[in-house]
Amino acid sequence: MGIKRRKISVIGSGFTGATTALMLAQKELGDVVLVDIPDMEDPTKGKALDMAEAAPVQGFDAAVQGTSDYEDTQGSDLVIITAGIARKPGMSRDDLVNTNAKIMKTVTKDIVKYSPDTTIVVLTNPVDAMTYTVYKESGLPKERVIGQSGVLDTARFRAFVAEELNLSVKDITGFVLGGHGDDMVPMIRYSYAGGIPLEKLISKERLDEIVARTRTGGGEIVNLLGNGSAYYAPAASLTVMAEAILKDQRRVIPSIAYLEGEYGYSDIYLGVPTILGGNGIEEIIELDLTAEEKSQLDKSADSVKNVLRILD
Ligand SMILES: NC(=O)C1=CN([C@@H]2O[C@H](COP(=O)(O)OP(=O)(O)OC[C@H]3O[C@@H](n4cnc5c(N)ncnc54)[C@H](O)[C@@H]3O)[C@@H](O)[C@H]2O)C=CC1
Ligand SMILES: O=C([O-])CC(=O)C(=O)O
(Lines give C-alpha, C1' and ligand atoms only; values in the text may rest on other atoms or scores of the structure.)
(Ligands and ions follow the chains in the order given, each with its own letter.)
Protein backbone atom coordinates (compact mmCIF):
# COMPACT_ATOMS: atom_id res chain seq x y z
CA MET A 1 0.00 0.00 0.00
CA GLY A 2 1.36 3.42 -0.94
CA ILE A 3 0.97 6.60 1.07
CA LYS A 4 -2.58 7.95 0.84
CA ARG A 5 -2.68 11.10 -1.26
CA ARG A 6 -4.08 14.29 0.25
CA LYS A 7 -7.37 15.69 -1.03
CA ILE A 8 -7.79 19.38 -1.85
CA SER A 9 -11.09 20.88 -2.96
CA VAL A 10 -11.14 24.17 -4.85
CA ILE A 11 -14.53 25.88 -4.82
CA GLY A 12 -15.09 28.05 -7.89
CA SER A 13 -13.64 26.95 -11.22
CA GLY A 14 -13.16 30.42 -12.70
CA PHE A 15 -9.86 32.13 -13.40
CA THR A 16 -8.36 31.84 -9.91
CA GLY A 17 -9.91 28.45 -9.06
CA ALA A 18 -8.83 26.69 -12.25
CA THR A 19 -5.33 28.19 -12.16
CA THR A 20 -4.95 27.17 -8.52
CA ALA A 21 -6.14 23.63 -9.26
CA LEU A 22 -3.49 23.28 -11.96
CA MET A 23 -0.70 24.64 -9.74
CA LEU A 24 -1.69 22.36 -6.84
CA ALA A 25 -1.67 19.34 -9.13
CA GLN A 26 1.61 20.33 -10.79
CA LYS A 27 3.23 20.45 -7.36
CA GLU A 28 1.64 17.09 -6.47
CA LEU A 29 0.21 18.52 -3.25
CA GLY A 30 -2.76 16.18 -3.50
CA ASP A 31 -5.69 15.07 -5.66
CA VAL A 32 -7.79 18.07 -6.62
CA VAL A 33 -11.59 18.36 -6.76
CA LEU A 34 -12.74 21.45 -8.65
CA VAL A 35 -16.29 22.51 -7.76
CA ASP A 36 -18.66 25.04 -9.31
CA ILE A 37 -22.42 25.58 -9.55
CA PRO A 38 -24.55 23.04 -11.50
CA ASP A 39 -24.86 25.45 -14.48
CA MET A 40 -21.06 25.37 -14.78
CA GLU A 41 -20.66 21.63 -14.32
CA ASP A 42 -19.66 20.79 -17.90
CA PRO A 43 -17.04 23.56 -18.25
CA THR A 44 -15.70 22.58 -14.82
CA LYS A 45 -15.44 18.94 -15.88
CA GLY A 46 -13.81 20.08 -19.12
CA LYS A 47 -11.16 22.12 -17.30
CA ALA A 48 -10.42 19.25 -14.91
CA LEU A 49 -10.10 16.76 -17.78
CA ASP A 50 -7.81 19.12 -19.66
CA MET A 51 -5.57 19.38 -16.55
CA ALA A 52 -5.58 15.60 -16.09
CA GLU A 53 -4.39 15.34 -19.70
CA ALA A 54 -1.49 17.72 -18.94
CA ALA A 55 -0.34 15.32 -16.20
CA PRO A 56 1.46 12.82 -18.45
CA VAL A 57 3.13 15.64 -20.39
CA GLN A 58 4.47 17.35 -17.30
CA GLY A 59 4.81 14.16 -15.32
CA PHE A 60 2.75 14.95 -12.26
CA ASP A 61 0.77 12.37 -10.31
CA ALA A 62 -2.40 14.04 -9.13
CA ALA A 63 -6.00 13.36 -10.10
CA VAL A 64 -8.12 16.37 -11.05
CA GLN A 65 -11.89 16.01 -10.98
CA GLY A 66 -14.56 18.55 -11.95
CA THR A 67 -17.98 18.48 -10.27
CA SER A 68 -20.91 20.41 -8.88
CA ASP A 69 -21.67 17.77 -6.26
CA TYR A 70 -20.20 18.47 -2.81
CA GLU A 71 -20.32 14.79 -1.97
CA ASP A 72 -17.21 14.53 -4.16
CA THR A 73 -15.39 16.84 -1.71
CA GLN A 74 -15.94 14.43 1.20
CA GLY A 75 -12.95 14.17 3.54
CA SER A 76 -10.97 17.07 2.05
CA ASP A 77 -7.75 17.86 3.91
CA LEU A 78 -7.89 21.41 2.61
CA VAL A 79 -10.58 23.50 0.91
CA ILE A 80 -9.83 26.67 -1.01
CA ILE A 81 -12.73 29.06 -1.70
CA THR A 82 -12.53 31.16 -4.86
CA ALA A 83 -16.26 31.15 -5.65
CA GLY A 84 -17.99 34.44 -6.28
CA ILE A 85 -17.89 37.51 -8.47
CA ALA A 86 -14.77 39.50 -9.29
CA ARG A 87 -14.58 43.26 -9.75
CA LYS A 88 -14.43 45.15 -13.02
CA PRO A 89 -12.72 48.49 -13.74
CA GLY A 90 -14.25 51.27 -11.62
CA MET A 91 -15.30 48.94 -8.81
CA SER A 92 -13.70 48.42 -5.39
CA ARG A 93 -13.35 45.00 -3.80
CA ASP A 94 -15.91 46.10 -1.20
CA ASP A 95 -18.57 46.48 -3.91
CA LEU A 96 -18.64 42.67 -4.08
CA VAL A 97 -19.59 42.20 -0.44
CA ASN A 98 -23.32 41.44 -0.54
CA THR A 99 -23.25 39.01 -3.46
CA ASN A 100 -20.17 37.19 -2.25
CA ALA A 101 -21.28 36.97 1.39
CA LYS A 102 -24.36 35.00 0.27
CA ILE A 103 -22.15 32.71 -1.80
CA MET A 104 -19.76 32.21 1.17
CA LYS A 105 -22.64 31.10 3.38
CA THR A 106 -23.97 28.54 0.95
CA VAL A 107 -20.63 27.05 -0.03
CA THR A 108 -19.39 26.90 3.58
CA LYS A 109 -22.44 24.87 4.67
CA ASP A 110 -21.77 22.35 1.92
CA ILE A 111 -18.03 22.23 2.64
CA VAL A 112 -18.32 21.45 6.35
CA LYS A 113 -21.17 19.00 5.78
CA TYR A 114 -18.71 16.73 3.96
CA SER A 115 -15.40 17.79 5.56
CA PRO A 116 -16.16 18.77 9.16
CA ASP A 117 -12.49 18.77 10.22
CA THR A 118 -10.98 20.52 7.24
CA THR A 119 -8.90 23.67 6.93
CA ILE A 120 -10.31 26.42 4.70
CA VAL A 121 -8.35 29.10 2.86
CA VAL A 122 -10.49 31.92 1.46
CA LEU A 123 -9.61 34.04 -1.58
CA THR A 124 -12.99 35.57 -2.46
CA ASN A 125 -13.20 39.36 -2.05
CA PRO A 126 -13.55 41.47 -0.03
CA VAL A 127 -11.36 38.79 1.46
CA ASP A 128 -10.97 39.96 5.07
CA ALA A 129 -14.75 40.14 5.50
CA MET A 130 -15.39 36.96 3.48
CA THR A 131 -12.94 35.03 5.67
CA TYR A 132 -14.86 36.30 8.71
CA THR A 133 -18.14 35.15 7.14
CA VAL A 134 -16.76 31.68 6.41
CA TYR A 135 -15.38 31.42 9.96
CA LYS A 136 -18.74 32.27 11.53
CA GLU A 137 -20.68 29.99 9.20
CA SER A 138 -18.30 27.02 9.44
CA GLY A 139 -18.04 26.55 13.20
CA LEU A 140 -14.39 25.56 12.61
CA PRO A 141 -11.70 26.70 15.03
CA LYS A 142 -10.22 30.09 14.13
CA GLU A 143 -6.82 28.67 13.20
CA ARG A 144 -8.44 26.53 10.51
CA VAL A 145 -10.10 29.40 8.63
CA ILE A 146 -7.52 31.56 6.92
CA GLY A 147 -7.62 34.27 4.27
CA GLN A 148 -5.16 34.99 1.47
CA SER A 149 -3.89 38.51 0.86
CA GLY A 150 -0.42 38.97 2.32
CA VAL A 151 1.43 36.52 0.11
CA LEU A 152 0.05 38.25 -2.97
CA ASP A 153 0.51 41.81 -1.73
CA THR A 154 4.06 40.98 -0.64
CA ALA A 155 4.76 39.30 -3.97
CA ARG A 156 3.75 42.45 -5.80
CA PHE A 157 5.98 44.54 -3.56
CA ARG A 158 8.88 42.11 -4.08
CA ALA A 159 8.40 42.09 -7.85
CA PHE A 160 8.46 45.90 -8.01
CA VAL A 161 11.54 46.13 -5.76
CA ALA A 162 13.39 43.47 -7.78
CA GLU A 163 12.62 45.40 -10.96
CA GLU A 164 13.78 48.67 -9.38
CA LEU A 165 17.10 47.21 -8.21
CA ASN A 166 17.57 44.84 -11.15
CA LEU A 167 18.04 41.97 -8.69
CA SER A 168 16.67 38.45 -8.41
CA VAL A 169 13.19 38.31 -6.88
CA LYS A 170 14.55 35.46 -4.76
CA ASP A 171 16.65 37.88 -2.70
CA ILE A 172 13.88 40.37 -1.98
CA THR A 173 11.84 39.86 1.16
CA GLY A 174 9.15 41.97 2.72
CA PHE A 175 5.64 41.76 4.04
CA VAL A 176 2.42 43.61 4.05
CA LEU A 177 0.16 44.05 7.08
CA GLY A 178 -3.52 44.90 7.29
CA GLY A 179 -6.60 44.48 5.13
CA HIS A 180 -6.51 43.61 1.42
CA GLY A 181 -7.47 47.09 0.29
CA ASP A 182 -5.79 50.25 -0.92
CA ASP A 183 -4.79 51.12 2.66
CA MET A 184 -2.82 47.92 3.32
CA VAL A 185 0.48 48.58 5.13
CA PRO A 186 3.69 47.45 3.34
CA MET A 187 6.31 47.19 6.10
CA ILE A 188 9.45 48.77 4.68
CA ARG A 189 11.32 48.49 7.98
CA TYR A 190 11.12 44.71 7.74
CA SER A 191 11.99 44.45 4.03
CA TYR A 192 15.38 43.42 2.68
CA ALA A 193 17.45 42.62 -0.43
CA GLY A 194 19.75 39.76 0.51
CA GLY A 195 19.65 40.85 4.15
CA ILE A 196 20.34 44.55 3.38
CA PRO A 197 17.53 46.88 4.52
CA LEU A 198 15.76 48.34 1.47
CA GLU A 199 16.03 51.83 2.93
CA LYS A 200 19.79 51.61 2.31
CA LEU A 201 19.32 50.77 -1.37
CA ILE A 202 16.31 52.77 -2.57
CA SER A 203 15.48 56.44 -1.99
CA LYS A 204 12.53 57.33 0.20
CA GLU A 205 10.73 58.88 -2.80
CA ARG A 206 11.03 55.72 -4.90
CA LEU A 207 10.07 53.51 -1.96
CA ASP A 208 6.94 55.62 -1.46
CA GLU A 209 6.08 55.12 -5.13
CA ILE A 210 6.61 51.36 -4.86
CA VAL A 211 4.39 51.24 -1.76
CA ALA A 212 1.67 53.19 -3.59
CA ARG A 213 1.87 50.82 -6.58
CA THR A 214 1.70 47.80 -4.25
CA ARG A 215 -1.44 49.16 -2.57
CA THR A 216 -3.22 49.54 -5.89
CA GLY A 217 -1.61 46.49 -7.50
CA GLY A 218 -4.90 44.59 -7.79
CA GLY A 219 -6.59 47.57 -9.45
CA GLU A 220 -3.69 47.97 -11.90
CA ILE A 221 -4.37 44.44 -13.19
CA VAL A 222 -8.16 44.92 -13.18
CA ASN A 223 -7.73 47.98 -15.42
CA LEU A 224 -5.40 46.14 -17.78
CA LEU A 225 -7.55 43.01 -18.05
CA GLY A 226 -10.77 44.97 -18.51
CA ASN A 227 -13.10 42.15 -17.51
CA GLY A 228 -11.87 40.44 -14.36
CA SER A 229 -9.02 40.47 -11.90
CA ALA A 230 -5.61 38.89 -11.36
CA TYR A 231 -5.29 35.12 -11.20
CA TYR A 232 -1.74 33.87 -11.83
CA ALA A 233 -0.13 35.50 -8.79
CA PRO A 234 -3.22 34.88 -6.60
CA ALA A 235 -3.16 31.18 -7.53
CA ALA A 236 0.58 30.99 -6.84
CA SER A 237 -0.05 32.60 -3.45
CA LEU A 238 -2.78 30.10 -2.56
CA THR A 239 -0.48 27.26 -3.61
CA VAL A 240 2.29 28.42 -1.25
CA MET A 241 -0.20 28.57 1.63
CA ALA A 242 -1.59 25.13 0.75
CA GLU A 243 1.90 23.67 0.66
CA ALA A 244 2.81 25.15 4.06
CA ILE A 245 -0.33 23.63 5.59
CA LEU A 246 -0.34 20.25 3.85
CA LYS A 247 3.38 19.65 4.43
CA ASP A 248 3.31 21.12 7.96
CA GLN A 249 6.16 23.43 6.99
CA ARG A 250 5.70 26.03 9.75
CA ARG A 251 6.53 28.83 7.32
CA VAL A 252 6.42 32.49 8.28
CA ILE A 253 3.74 33.73 5.93
CA PRO A 254 1.41 36.72 6.15
CA SER A 255 -2.18 35.47 6.40
CA ILE A 256 -5.59 36.87 7.21
CA ALA A 257 -6.12 35.65 10.76
CA TYR A 258 -8.84 36.00 13.39
CA LEU A 259 -7.57 38.43 16.01
CA GLU A 260 -8.45 38.31 19.67
CA GLY A 261 -6.43 41.19 21.06
CA GLU A 262 -3.35 40.82 18.84
CA TYR A 263 -2.21 44.20 17.50
CA GLY A 264 -4.97 45.72 19.67
CA TYR A 265 -7.92 44.38 17.61
CA SER A 266 -10.63 41.87 18.42
CA ASP A 267 -13.34 39.96 16.56
CA ILE A 268 -11.89 40.84 13.17
CA TYR A 269 -9.99 39.02 10.41
CA LEU A 270 -6.94 41.00 9.28
CA GLY A 271 -3.61 40.35 7.53
CA VAL A 272 -0.78 39.70 10.00
CA PRO A 273 2.44 37.69 10.02
CA THR A 274 1.68 34.08 10.94
CA ILE A 275 3.28 30.69 11.18
CA LEU A 276 1.45 28.36 8.80
CA GLY A 277 1.66 24.63 9.37
CA GLY A 278 -0.35 21.46 9.73
CA ASN A 279 -2.79 23.02 12.18
CA GLY A 280 -3.41 26.02 9.95
CA ILE A 281 -2.38 29.22 11.70
CA GLU A 282 -0.05 27.87 14.36
CA GLU A 283 0.90 31.29 15.69
CA ILE A 284 0.37 34.98 15.08
CA ILE A 285 3.61 36.94 15.27
CA GLU A 286 3.22 40.29 16.99
CA LEU A 287 5.68 42.99 15.96
CA ASP A 288 6.39 46.32 17.58
CA LEU A 289 4.99 49.02 15.32
CA THR A 290 6.00 52.66 15.14
CA ALA A 291 3.24 55.20 15.86
CA GLU A 292 2.93 55.86 12.13
CA GLU A 293 2.70 52.16 11.22
CA LYS A 294 0.07 51.63 13.95
CA SER A 295 -2.01 54.54 12.72
CA GLN A 296 -1.84 53.17 9.14
CA LEU A 297 -2.87 49.74 10.44
CA ASP A 298 -5.75 51.32 12.41
CA LYS A 299 -6.98 52.94 9.20
CA SER A 300 -6.80 49.63 7.35
CA ALA A 301 -8.60 47.81 10.20
CA ASP A 302 -11.31 50.51 10.16
CA SER A 303 -11.91 49.85 6.46
CA VAL A 304 -12.39 46.15 7.20
CA LYS A 305 -14.71 46.94 10.13
CA ASN A 306 -16.82 49.15 7.84
CA VAL A 307 -17.32 46.23 5.47
CA LEU A 308 -18.17 43.93 8.38
CA ARG A 309 -20.79 46.47 9.48
CA ILE A 310 -22.51 46.17 6.07
CA LEU A 311 -22.76 42.44 6.74
CA ASP A 312 -24.39 43.00 10.13
N1 LIG B 1 -7.82 37.70 -1.98
C2 LIG B 1 -7.15 37.93 -3.11
O3 LIG B 1 -5.97 38.26 -3.06
C4 LIG B 1 -7.82 37.78 -4.42
C5 LIG B 1 -9.17 37.60 -4.48
N6 LIG B 1 -9.79 37.40 -5.70
C7 LIG B 1 -11.24 37.18 -5.65
O8 LIG B 1 -11.50 35.81 -5.96
C9 LIG B 1 -12.83 35.68 -6.48
C10 LIG B 1 -12.82 34.84 -7.74
O11 LIG B 1 -12.12 35.48 -8.77
P12 LIG B 1 -12.03 34.81 -10.23
O13 LIG B 1 -11.73 33.38 -10.10
O14 LIG B 1 -11.17 35.67 -11.05
O15 LIG B 1 -13.55 34.97 -10.70
P16 LIG B 1 -14.31 34.13 -11.84
O17 LIG B 1 -15.55 34.88 -12.17
O18 LIG B 1 -13.37 33.78 -12.94
O19 LIG B 1 -14.70 32.75 -11.12
C20 LIG B 1 -15.58 32.68 -10.06
C21 LIG B 1 -16.29 31.35 -10.15
O22 LIG B 1 -17.09 31.18 -8.99
C23 LIG B 1 -18.21 30.43 -9.40
N24 LIG B 1 -19.29 30.49 -8.42
C25 LIG B 1 -20.20 31.46 -8.19
N26 LIG B 1 -21.05 31.10 -7.22
C27 LIG B 1 -20.68 29.87 -6.82
C28 LIG B 1 -21.16 28.95 -5.85
N29 LIG B 1 -22.22 29.24 -5.11
N30 LIG B 1 -20.53 27.77 -5.72
C31 LIG B 1 -19.45 27.46 -6.45
N32 LIG B 1 -18.96 28.30 -7.39
C33 LIG B 1 -19.55 29.47 -7.57
C34 LIG B 1 -18.58 31.05 -10.75
O35 LIG B 1 -19.47 30.22 -11.48
C36 LIG B 1 -17.22 31.22 -11.36
O37 LIG B 1 -16.85 30.07 -12.12
C38 LIG B 1 -13.33 37.13 -6.68
O39 LIG B 1 -14.15 37.51 -5.60
C40 LIG B 1 -12.03 37.94 -6.68
O41 LIG B 1 -12.24 39.28 -6.30
C42 LIG B 1 -9.09 37.34 -6.86
C43 LIG B 1 -7.73 37.53 -6.85
C44 LIG B 1 -6.99 37.79 -5.64
O1 LIG C 1 -8.00 43.38 -7.28
C2 LIG C 1 -8.88 42.48 -7.23
O3 LIG C 1 -10.08 42.70 -7.32
C4 LIG C 1 -8.41 41.07 -7.06
C5 LIG C 1 -7.46 41.07 -5.95
O6 LIG C 1 -7.81 41.08 -4.80
C7 LIG C 1 -6.05 41.31 -6.28
O8 LIG C 1 -5.61 41.04 -7.41
O9 LIG C 1 -5.34 41.79 -5.38
Side-chain angles (χ1 to χ4, degrees), residues 9-22 33-48 66-70 72-73 79-111 121-131 133-134 137 146-157 159 176 178-182 184 213-241 254-256 269-271 304:
S9 293
V10 178
I11 316 300
S13 67
F15 285 112
T16 57
T19 313
T20 304
L22 180 61
V33 181
L34 189 57
V35 187
D36 210 296
I37 50 176
D39 277 357
M40 292 295 290
E41 184 169 277
D42 278 352
T44 303
K45 286 192 155 132
K47 288 180 192 186
T67 185
S68 65
D69 183 350
Y70 279 83
D72 293 325
T73 69
V79 179
I80 294 174
I81 303 182
T82 74
I85 55 168
R87 64 174 162 155
K88 296 193 166 61
M91 292 170 79
S92 89
R93 295 179 181 93
D94 297 348
D95 294 336
L96 312 172
V97 64
N98 288 320
T99 305
N100 284 350
K102 284 194 197 99
I103 293 173
M104 291 308 96
K105 287 185 183 166
T106 58
V107 303
T108 302
K109 271 197 197 85
D110 285 330
I111 291 165
V121 178
V122 181
L123 186 80
T124 305
N125 273 318
V127 64
D128 304 272
M130 294 305 96
T131 311
T133 305
V134 171
E137 196 67 39
I146 308 161
Q148 188 303 121
S149 66
V151 181
L152 174 63
D153 297 330
T154 305
R156 287 183 175 139
F157 177 77
V176 176
H180 187 51
D182 294 354
M184 65 181 78
R213 189 174 176 199
T214 301
R215 287 190 164 133
T216 55
E220 182 179 358
I221 304 234
V222 167
N223 288 333
L224 288 167
L225 293 180
N227 191 27
S229 51
Y231 48 101
Y232 295 117
S237 305
L238 288 168
T239 304
V240 156
M241 294 176 79
S255 320
I256 300 173
Y269 263 93
L270 199 63
V304 174

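Computed from a predicted model, the values in this text were never measured in an experiment. Counting from 1, the numbers follow the sequence of the chain as shown. Every number for a ligand or one of its atoms is a count from 1 in the order of the listing.
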*Considering only heavy atoms of Ile85, which atoms of ligand 1 have at least one such atom less than 4.0 Å away?*
38 (C), 39 (O)
*Got the closest protein heavy atom to atom 9 (C) of ligand 1, with its distance?*
Thr82 O, 3.5 Å
_Side chain to side chain, Leu123 and His180, heavy atoms closer than 4.5 Å_ = no
*Hey, could you give me the CG/CG distance between Asp94 and Asp182, rounded to the nearest 0.5 Å?*
9.0 Å
*Are any of the side-chain heavy atoms of Met184 and Ser149 separated by less than 4.5 Å?*
no
_Part of Asn125 with heavy atoms under 4.0 Å of ligand 1, whether side chain, backbone, both or neither_ = both
*Please could you name the atoms of ligand 1 that Asn100 approaches to less than 4.0 Å, counting only its heavy atoms?*
39 (O)
*Indicate whether the side chain of Ser9 and that of Thr73 have a donor and an acceptor atom separated by less than 3.5 Å.*
no
*Test of proximity, Asn125 against ligand 2: N or O pairs below 3.5 Å*: yes
_Among all protein heavy atoms in this structure, tell me which lies nearest to atom 18 (O) of ligand 1, with the distance rounded to 0.1 Å._
Phe15 N, 2.9 Å
*Would you say Tyr232 and Thr19 make side-chain contact, with heavy atoms under 4.5 Å?*
yes
*Are any of the N or O atoms of Ile103 closer than 3.5 Å to those of ligand 1?*
no
*For ligand 1, does Arg93 get within less than 4.0 Å through its side chain, its backbone, both, or neither, judged by non-hydrogen atoms?*
neither
*Give the numbers and elements of all ligand 1 atoms closer than 4.0 Å to a heavy atom of Pro234.*
43 (C), 44 (C)
*Calculate, to the nearest 0.5 Å, the distance between atoms OG1 and CD belonging to Thr214 and Glu220 respectively.*
9.5 Å
*What atoms of ligand 1 come closer than 4.0 angstrom to any heavy atom of Leu152?*
3 (O), 44 (C)
*Minimum heavy-atom separation for Thr16 to Pro234, with atom names?*
CG2-CB, 4.4 Å
*Give the numbers and elements of all ligand 1 atoms closer than 4.0 Å to a heavy atom of Val127.*
1 (N)
*Report the distance from atom CD1 of Ile221 to atom OG1 of Thr216, rounding to the nearest 0.5 Å.*
10.5 Å
*Is the shortest N/O to N/O distance between Gln148 and ligand 1 below 3.5 Å?*
yes
*Which ligand 1 atoms, with their elements, are less than 4.0 angstrom from a heavy-atom of Met40?*
35 (O)
*asked:* Under 4.0 Å from a heavy atom of Ala230: which atoms of ligand 2 are those, numbered in the order shown and with their elements?
replied: 8 (O)
*Heavy-atom contacts under 4.0 Å between Asp39 and ligand 1: side chain, backbone, both, or neither?*
neither
_Check: Arg215 main-chain N/O paired with Asp153 side-chain donor or acceptor under 3.5 Å_ = no
*How far is atom 6 (O) of ligand 2 from its nearest protein heavy atom, and which residue and atom is that?*
His180 NE2, 2.7 Å
*Under 3.5 Å between some N or O of ligand 1 and some N or O of Asp36?*
yes
*Rounded to the nearest 0.5 Å, what's the gap from CD1 on Ile85 to CG on Asp95? Could you check?*
9.0 Å
*What are the atoms of ligand 2, with element, lying closer than 4.0 Å to any heavy atom of Gly218?*
1 (O), 7 (C), 8 (O), 9 (O)
*asked:* Starting from atom 28 (C) of ligand 1, what is the nearest protein heavy atom, named by residue and atom, and what distance separates them?
replied: Ile37 CG2, 3.4 Å
*Which atoms of ligand 1 have any heavy atom of Val107 under 4.0 Å away?*
28 (C), 29 (N), 30 (N)
*Over all heavy atoms of both residues, which pair between Thr154 and Pro254 is shortest? Give the atoms and the distance, please.*
OG1-CG, 3.9 Å
*In the protein, which heavy atom is nearest to atom 19 (O) of ligand 1, and how far is it?*
Gly14 CA, 3.2 Å
*Pick one of side chain, backbone, both or neither for how Ala230 approaches ligand 1, counting any non-hydrogen atom pair under 4.0 Å.*
backbone
_Side chains of Ile81 and Thr108 in contact at under 4.5 Å (non-hydrogen atoms)_ = yes
*Any idea which protein heavy atom is nearest atom 15 (O) of ligand 1, and the distance to it?*
Ala86 CB, 4.0 Å
*Counting N and O atoms only, with roles assigned by atom type, does the side chain of Ser13 sit under 3.5 Å from a partner on the main chain of Val35, one being a donor and the other an acceptor?*
no
*asked:* When you compare the side chain of Asn125 with that of Arg87, does any pair of heavy atoms fall below 4.5 Å?
replied: no
*Is there a heavy atom in Arg156 that sits closer than 4.0 Å to ligand 2?*
yes
_What's the separation between atom CD in Gln148 and atom OG1 in Thr131, rounded to the nearest 0.5 Å?_
9.5 Å
_Suppose we measure from atom 13 (O) of ligand 1 to each protein heavy atom; which comes out shortest, and what is that distance?_
Thr16 OG1, 2.6 Å
*asked:* What I want to know is whether Leu123 and ligand 1 share at least one N or O pair that is separated by under 3.5 angstrom.
replied: yes
*Among all protein heavy atoms, pick out the one at the shortest distance from atom 2 (C) of ligand 2; state its residue, atom name and that distance to 0.1 Å.*
Arg87 NE, 3.2 Å
*Which pair of heavy atoms, one from Leu270 and one from Gly178, lies closest together, and at what distance?*
CD1-C, 3.8 Å
*Per atom 20 (C) of ligand 1, closest listed option by heavy atom (Pro43, Ala83, Gly84)*: Gly84
*For the residue pair Gly84 and Thr124, what are the closest heavy atoms and their distance?*
CA-CG2, 4.4 Å
*At a non-hydrogen distance cut-off of under 4.0 Å, which region of Leu152 contacts ligand 2 (side chain, backbone, both, or neither)?*
side chain
